[in-house]
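Remember, it's a predicted structure, so these values are computed and weren't measured experimentally. In this chain, numbering begins with 1 at the start of the sequence shown. Because only heavy atoms are used, hydrogens play no part in the values below, and waters and symmetry mates are left out as well, while side chains stay in.
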Amino acid sequence: MAMTLRLSEEDDRLLTERAAKEHRSKHDLVVEAIHSFLTERERRFDDLLARSLEEDGELLDRLAE
């Protein structure tokens, strides 16, 4: 899917520098960054939910009655 991404001059400069250092395209870095952000956020949410269910399971069971 195609999309337009508008970056500030500073962010574009940083992205250009990073791409040059890693010998990769800016596109590849942006795709990787988005994927990492989304998967890490999903993992953190799942961890928080599991911890809440574990710590508050008894209370949740009582509330469900």
Next on the checklist: Can you list everything that forms a side-chain contact (heavy atoms from CB on, under 4.5 Å) with Val30? Sequence neighbours excluded, please.
Outcome noted: Leu5, Leu15, Ile34

Next on the checklist: Does anything in residues 23-39 form a salt bridge (charged side-chain N to carboxylate O under 4.0 Å, His left out)? List the pairs, not counting sequence neighbours.
Outcome noted: Asp12-Lys26, Glu22-Arg24, Arg24-Glu32

Item to check | Results of side-chain contact (heavy atoms from CB on, under 4.5 Å) for Leu14 - residues two or more places apart only | outcome: Glu10, Asp11, Glu17

Checklist entry - Which atoms form the tightest heavy-atom contact between Ala19 and Ser25, and what is the distance? => result CB-C, 4.1 Å

Checklist outcome for this item: For Thr39, the side-chain hydrogen bond (donor to acceptor under 3.5 Å, both in side chains) test, sequence neighbours excluded, returns none

Item to check | Those residues that, when tested against Glu42, pass salt bridge (Lys or Arg N to Asp or Glu O under 4.0 Å) (two or more places apart) | outcome: none

Item to check | Partners meeting side-chain contact (heavy atoms from CB on, under 4.5 Å) with Arg44 (sequence neighbours left out) | outcome: Glu40

What pairs of donor and acceptor atoms, side-chain ones from residues 49-65 against any protein atom, are under 3.5 angstrom apart with sequence neighbours left out?
unit_1: Ser52; atom_1: OG; unit_2: Leu48; atom_2: O; d: 3.0

